[in-house]
**Student:** 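Below is one structure. I have some questions about it.
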Amino acid sequence: MTNRSADVEAKWQERWYSVGINESEADSRPKFMMIFAYPGVTGYLHVGHMRGYTYVDAITRYLRMIGLNVLFPVGTHATGNGAISLANRIRSRDPGTIEYLLANGCPEEEIANLGDPVKVVDFFNEIYVTQYWKRFGFLADWRRFTCTIYPDYQKFIQWQFRKLKDGGLLVQKPYFAPACVECGPVAVDASETDLQKGGRAETVEYSLLKFKCEDMFLVAATLRPETVYGQTNFWVNPDVEYVKVAKDGETWVISRPSYEKMRYQMDGLTVIGTIHGKKLVGKKCTAPVIHREIPVLPASFCNPDVGTGLVTSVPSDAPDDWIALRMLQENDVLLIEYGLRPEDVREIRPIPIIDSKGWGPLPAVEITKRMGISDIADSRLEEAKKIIYRDGFHTGRMNENCGEYAGMPVEKAKEMIRDFMISSGEAEIFYDLSEEVICRCGRPVVIRRVPDQWFIDYSNAELTKNSKDQAESMHILPSEYHTNIQGVLDWFRERACVRQGNWLGTRFPFDDKWIIEAISDSTLYPIYYLVSKYFNEDKLKLENLTEVFFDHVFLDIGDPADVSITTGVEIELLKRIRSDVEYWYPLDINLGGKEHMTVHFPAFLMNHVGVLPQKYWPKGIFVNWYIIGKLGKISKSKGGAEPIPGAAEHFGVDPMRLYYTHIASPFADVEWDEEAVENYKGRIERISKTVEELKALPEGVEIASIDNWLLSRISSRVKTVRECMKEFDLRTMANEIYFEMLSDIKWYMRRGGGNGNVAGEVLDVWIRLMAPITPHCAEEIWEGMNRDRFVSLADFPTPVESGIRLEIEEAEEYLKNVITDINEILRVTEISPKRICLYTSPNWKQRIFENGLQMARENRLSIPGITKTTMSDPILKKRGKDAADFARKVAEGLMKRSRSDMDRLARSFDEFRYLAESSAFIAKEIGCEVKVYSEDDPDAYDPQSKAKTSVPRRPAIFVE
RNA sequence: GCAGGGGUAGCCAAGCUUGGCCAAAGGCGCAAGGCUUAGGACCUUGUCCCGAAGGGGUCCGUGCGUUCAAAUCGCACCCCCUGCACCA
């Protein structure tokens with residue numbers, strides 16, 4: 001099936017690109033450089049992604065038309081293991097993956113080629129550019145396309161890191177990060193890009209407490225080091241075999257699974273034997289900090305997979321401990337079986353240590369009683385634990401049993417006690433994941449210590465200060481984010497910037513074993529678009545892209561002649577690139593989704609501030625919200641959303657562009673709704689039809705008042721559009737052009753407007769207004785009007801100030817209100833009208849009204865005041881009480897009005913004349929005879945004396 | 001938990017910064033009428049409740065409060081979404 005709209009789209013895209021109107025070169029005009037944060041190429045995109053991209057194209061098209069020299073470059077991000085894992089799945093013919101590829105239109109024969117990650121990246125790069133961006137008619141400068149795994153881009157990234165190091169912004173220190181035991185570092189996050197399961201896991205920090213027991217240390221893991229003062233006994237699982245591990249000359253007893261995990265965090269651990277839990281029961285051990293001997297007791301709830309499988313017991317604040325203790329105390333048979341003396345165990349009492357809001361001294365005892373928990377197997381213990389932990393942490397204070405920490409908030413004591421125990425050698429730190437995490441490869445993910453990790457030091461005080469100052473001066477949308485980014489920049493700390501493992505990306509220039517990670521290599525890149533063009537055109541070679549080269553073109557270091565010799569780059573080309581940078585930079589807007597607010601945008605800003613001179617620091621950020629699926633977020637990795645090329649074919653590109661820009665504020669999530677897109681399609685068709693009607697109107701007709709109304713209206717709308725676009729408010733722009741203007745034109749025709757010359761003038765404006773959002777259909781109409789060149793290159797309309805006649809617009813509003821009033825009367829009374837009489841207010845009423853209005857606008861309106869003014873006017877005074885009463889009524893009415901109403905009411909026109917001229921129209925609308933009188937017309941037909949109720953701007957109405 | 005963003009008529013969605021024609025734009029849906037051979041096309045009108053005269057009543061998550069006046073400002077509460085760092 002041939003699709004006409006697809007043909008039209010292809011035709012114009014072909015013409016634009018063949019002439020190169022999308023290509024940008026420096027010249028004497030003011031410039032504007034805008035990008036969207038490039039996407040990661042880890043699969044197909046869906047219709048939701050096009051929202052932000054469309055904003056950039058529409059905004060830059062607008063800015064071109066108002067006379068700016070615009071640069072809109074695009075690229076892609078391929079760093080990471082997304083492409084690798086996709087290639088792996090394709091190689092192994094994973095059915096889900098194959099189905100996903102085919103569903104998105106990947107040719108069957110292509111699949112065999114996609115087993116190689118680099119091929120995957122190339123494949124998707126091609127799709128992004130041709131099937132998404134060109135297909136949507138973007139005027140991006142394709143010559144500058146780049147991708148993070150291209151060798152030239154990598155030269156640039158290496159330069160960036162050299163500069164960060166020069167600036168003292170790279171630091172090295174140990175780090176604990178999730179890693180697959182096989183593949184190396186992985187991201188643990190809800191999207192589970194790297195994972196098979198466990199995306200919701202969090203990294204938890206345990207304190208390992210060491211309990212001296214004979215020649216061993218029993219090592220318990222706890223999340224609550226501050227509770228050491230409440231320790232009463234030690235728990236061991238009698239059914240588990242523990243391992244003895246040599247650690248720095250000590251012998252530690254821990255569970256085997258915990259040893260397997262701990263190996264990745266501590267050096268020199270060796271298993272030297274095993275010991276059964278049962279054997280430990282009944283021994284005594286020395287608790288850290290309090291240095292008391294406590295008994296080792298049996299407990300089935302000690303899970304070898306959690307922590308170390310050994311637990312210190314704090315029955316005052318740990319519901320598990322309390323219930324386990326109580327059950328044991330009541331079970332003599334069991335106690336004797338373990339060789340424990342029942343009276344010793346029964347002697348154990350919880351020790352109160354924390355006072356928290358809403359709880360007595362022993363919260364664990366209290367909550368289990370309240371919830372009726374009496375068995376250690378009760379699943380509600382988990383919830384009880386959470387509640388006590390939460391309340392204790394946030395509202396608790398250590399009590400008098402806690403030595404020097406007495407009185408201290410738990411939040412603070414926790415850290416201090418932990419640090420104290422570490423320094424005294426009684427504790428160490430151990431990280432674990434809160435649930436099981438499995439890598440895509442099927443092996444477990446653990447927390448691994450990386451001893452020599454490199455970080456970018458975003459906590460650097462000067463960098464933070466400069467970035468915050470810059471953010472303050474930037475144009476950041478939405479404005480809430482302009483405020484909030486200050487806090488984000490403060491909160492931004494050191495960030496690991498390199499990693500090892502199976503990973504696409506750039507080699508760290510100071511140590512080859514590292515690869516620069518995915519966020520750090522995508523922060524400064526907009527400036528690289530100014531170089532990539534020359535590399536893509538083969539004017540630069542890889543070996544030219546040295547530190548000296550980048551220092552020169554980006555930082556203006558060195559004399560061109562010297563640099564030319566050192567780098568082998570033609571001196572003219574060097575000068576050219578240098579001046580391009582000087583012209584195009586800084587970046588004016590970086591647009592990206594809301595997920596970027598806490599990571600990418602601050603990193604983007606801080607890298608610019610850290611590496612480049614102040615004049616190149618970015619000027620703006622635009623954050624857009626998502627198009628979401630009916631069942632939550634449309635996910636790139638999970639698929640399920642309509643593929644972009646299919647949607648473009650089905651709905652047409654312009655309807656989709658209009659949908660994105662108009663459906664809602666950019667700062668709100670919107671549910672993808674095909675029916676809505678269909679409606680936008682219908683609207684564009686309606687506009688096309690209206691255009692044809694306007695073109696068919698005869699020329700050389702005399703100008704009527706409705707013509708002036710339309711011209712005024714159009715200019716007012718152009719003015720609104722230009723005003724709102726200062727804030728890149730595409731939604732208001734779309735609303736004015738595709739909704740309000742259409743209804744203006746419809747009203748014009750309904751009112752009998754039909755002047756071909758006026759229509760031509762209006763059309764000329766209207767089409768140009770449409771060019772940024774629906775460029776294909778605008779071009780098509782433009783061509784149909786025999787205009788030269790492209791409407792995309794035309795000037796954006798300017799309002800004709802002299803044509804804006806607000807009093808005419810106001811009069812038309814008045815007419816609409818009169819018709820509304822008549823309709824309401826007809827509806828309520830259910831009269832089938834034979835005749836309608838309208839009575840406009842007489843001069844004396846108007847005079848009072850004008851006086852009142854003037855007083856109100858000067859903020860001096862009062863009832864006594866207006867009465868006085870009225871009575872001091874000899875003409876009005878003759879009206880006596882009527883005038884005074886009317887004056888009071890006017891004043892009461894006006895005092896409720898807003899400033900803008902006052903302005904509107906001040907636009908005066910002759911009501912009687914206007915209604916009289918429009919009576920034929922009203923008659924046609926209502927379907928009966930319409931007579932217009934002035935209230936004081938002695939010959940007026942007024943059988944029910946309605947006329948006297950007239951008020952300025954509110955004629956009296958009589959229906960019969 | 002911490003931080004940010006939200007809750008508006010049947011649905012979607014403006015309005016909230018700068019309180020006042022706000023019963024609250026616009027779109028969708030629905031209803032009636034028109035136009036049509038027909039239409040899922042288009043045009044008009046209506047779409048919280050009451051009303052035989054353009055009026056009145058109630059309403060913007062819930063509850064208080066400030067004010068002559070609150071969808072808009074303040075406080076408290078309930079519910080939803082996002083981010084929290086090697087996914088960009």
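Numbers restart at 1 for each chain; the letters A, B, ... are given by sequence-line order, proteins then strands.
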**Student:** Write down the distance separating the C1' atoms in B/rG7 and B/rA71, rounded off to the nearest Å.
**Tutor:** 12 Å

**Student:** Within this structure, what is the CE-to-P distance between A/Met741 and B/rG26, rounded to whole angstrom?
**Tutor:** 18 Å

**Student:** Regarding A/Arg493, tell me which of base, sugar-phosphate or nothing describes its non-hydrogen contacts under 4.0 Å with the strands shown.
**Tutor:** base

**Student:** Between B/rA3 and B/rC16, how far is it from one C1' atom to the other, in whole Å?
**Tutor:** 23 Å

**Student:** Using modelled atom types and a 3.5 Å cut-off, is there a donor and acceptor pairing between side-chain atoms of A/Ser520 and backbone atoms of A/Ile516?
**Tutor:** no

**Student:** Along nucleotides 11-23 of chain B, 5' to 3', which nucleotides get a B, which get an S, and which get a -, given that the test is a protein heavy-atom distance under 4.0 Å?
**Tutor:** --SS-----SB--

**Student:** With both distances kept under 3.5 Å, what pairs with B/rC22, Watson-Crick or G-U wobble?
**Tutor:** none

**Student:** May I have the distance from A/Trp491 (atom CH2) to B/rC2 (atom C1'), rounded to whole angstrom?
**Tutor:** 10 Å

**Student:** Side chain of A/Glu675 only, please: which of B/rC28, B/rA88, B/rA41 is the nearest?
**Tutor:** B/rC28

**Student:** Pairs under 3.5 angstrom, nitrogen or oxygen only, protein versus nucleotides 52-58 of chain B, please.
**Tutor:**
unit_1	atom_1	unit_2	atom_2	d
B/rA52	O4'	A/Val828	O	3.2
B/rA53	N6	A/Val959	O	2.8
B/rA53	N1	A/Val959	N	3.1
B/rG54	O2'	A/Asp821	OD1	2.8
B/rG54	O2'	A/Arg954	NH2	3.2
B/rG54	N1	A/Pro955	O	3.1
B/rG54	N2	A/Asp821	OD2	3.2
B/rG54	N2	A/Pro955	O	2.9
B/rG54	N3	A/Asp821	OD2	3.4
B/rG55	OP1	A/Arg954	NH1	3.2
B/rG55	OP1	A/Arg954	NH2	3.2

**Student:** Rounded to whole angstrom, note down the P distance from B/rA70 over to B/rG61.
**Tutor:** 15 Å

**Student:** Quick one: CD1 on A/Ile621 to CZ on A/Phe601, what's the gap to the nearest 0.5 Å?
**Tutor:** 5.5 Å

**Student:** If B/rC2 has a Watson-Crick or G-U wobble mate with both distances under 3.5 Å, name it; if not, just say none.
**Tutor:** B/rG83

**Student:** Go nucleotide by nucleotide along RNA chain B from the 5' end; which of A/Phe393 and A/Gly682 gets its closest nucleotide reached first?
**Tutor:** A/Phe393

**Student:** Given that both distances must come in under 3.5 Å, which nucleotide forms a Watson-Crick or G-U wobble pair with B/rA76?
**Tutor:** B/rU62

**Student:** Does a side-chain N or O of A/Arg750 approach OP1 or OP2 of B/rU45 to a distance below 4.0 Å, or not?
**Tutor:** yes

**Student:** Checking base pairs now: Watson-Crick or wobble, both atom distances under 3.5 Å. What partners B/rC16?
**Tutor:** none

**Student:** Can you tell me the base-pairing partner of B/rC48? Count Watson-Crick or G-U wobble geometry only, both distances below 3.5 Å, and say none if there is no partner.
**Tutor:** B/rG57

**Student:** Across the strands shown, which category fits A/Glu685 at heavy-atom distances under 4.0 angstrom: base, sugar-phosphate, nothing?
**Tutor:** nothing

**Student:** Look at the side chain of A/Arg907 and the backbone N and O of A/Glu810, then say whether any donor-acceptor pair between them is shorter than 3.5 Å.
**Tutor:** no

**Student:** Can a salt bridge be assigned to the pair A/Arg827 and A/Glu830 using a cut-off of 4.0 Å between side-chain N and carboxylate O?
**Tutor:** no

**Student:** Pairing donors with acceptors under 3.5 angstrom, does anything connect the side chains of A/Glu202 and A/Ser434?
**Tutor:** no

**Student:** Do the side chain of A/Tyr132 and the main chain of A/Leu45 share a donor and acceptor less than 3.5 angstrom apart?
**Tutor:** yes

**Student:** Is there ring stacking between A/Tyr389 and B/rG1, where the centres must be under 5.5 angstrom apart and the planes under 30 degrees?
**Tutor:** no

**Student:** Rounding to an integer number of angstrom, what distance separates B/rC79 and B/rC30 when you compare their C1' atoms?
**Tutor:** 30 Å

**Student:** From B/rC81, B/rG5, B/rC28, pick the nucleotide closest to the side chain of A/Lys594?
**Tutor:** B/rC81

**Student:** Could you tell me whether the side chain of A/Tyr53 and the main chain of A/Phe36 form a donor-acceptor pair under 3.5 Å?
**Tutor:** no

**Student:** Heavy atoms only, 4.0 Å cut-off, all strands: where does A/His600 land among base, sugar-phosphate and nothing?
**Tutor:** nothing

**Student:** Could you give the distance separating B/rA13 and B/rC28 at their C1' atoms, to the nearest angstrom?
**Tutor:** 10 Å

**Student:** Out of B/rA85, B/rC81, B/rA88, which has the shortest distance to the side chain of A/Phe492?
**Tutor:** B/rA85

**Student:** Without decimals, in angstroms, what is the distance between A/Leu861 CG and B/rC68 P?
**Tutor:** 18 Å

**Student:** Are the charged groups of A/Asp452 and A/Lys513 less than 4.0 angstrom apart, N to O?
**Tutor:** yes

**Student:** Would you kindly check if the NZ (Lys) or CZ (Arg) of A/Arg751 is within the cone defined by 45 degrees around the ring axis of A/Phe921 and under 6.0 Å from the six-membered ring centre?
**Tutor:** yes

**Student:** Base, backbone or nothing for each nucleotide of nucleotides 71-80 of chain B, written B, S, -, heavy atoms under 4.0 angstrom, 5' to 3'?
**Tutor:** ----------

**Student:** Could you tell me how far B/rG15 sits from B/rU72 if I compare only their P atoms? Round to whole Å.
**Tutor:** 15 Å

**Student:** Tell me what A/Glu925 touches on the nucleic acid: a base, only sugar-phosphate, or nothing, going by heavy atoms under 4.0 Å.
**Tutor:** nothing

**Student:** Check whether A/Glu925 reaches the backbone of A/Ile819 with its side chain - one donor and one acceptor, N or O, closer than 3.5 Å.
**Tutor:** no

**Student:** Can you check the distance between B/rC59 and B/rU8, where both ends of the measurement are the C1' atom (answer in whole Å)?
**Tutor:** 10 Å

**Student:** How far, in whole Å, is B/rU67 from B/rG46 if one measures between their P atoms?
**Tutor:** 40 Å

**Student:** Which comes earlier along RNA chain B counting from the 5' end, the contact point of A/Arg495 or that of A/His662, where each point is its nearest nucleotide?
**Tutor:** A/His662

**Student:** Whole-Å distance between B/rC42 C1' and A/Lys746 NZ?
**Tutor:** 8 Å

**Student:** Do we get A/Arg51 above A/Tyr626's six-membered ring, with its NZ or CZ under 6.0 Å from the centre and within 45° of the axis?
**Tutor:** no

**Student:** Taking the six-membered ring of A/Phe455, is the NZ or CZ of A/Lys173 close enough (under 6.0 Å from the centre) and on axis enough (within 45°)?
**Tutor:** yes

**Student:** Check A/Lys689 with A/Glu692, please: is the shortest side-chain N to carboxylate O separation under 4.0 Å?
**Tutor:** no

**Student:** Under a 3.5 Å cut-off for both contacts, is B/rG39 paired Watson-Crick or G-U wobble with anything, and if yes, with which nucleotide?
**Tutor:** none

**Student:** Step through the shown structure and confirm whether more than 12 heavy atoms of other residues, nucleotides or ligands are within 6.0 Å of NZ on A/Lys924.
**Tutor:** yes

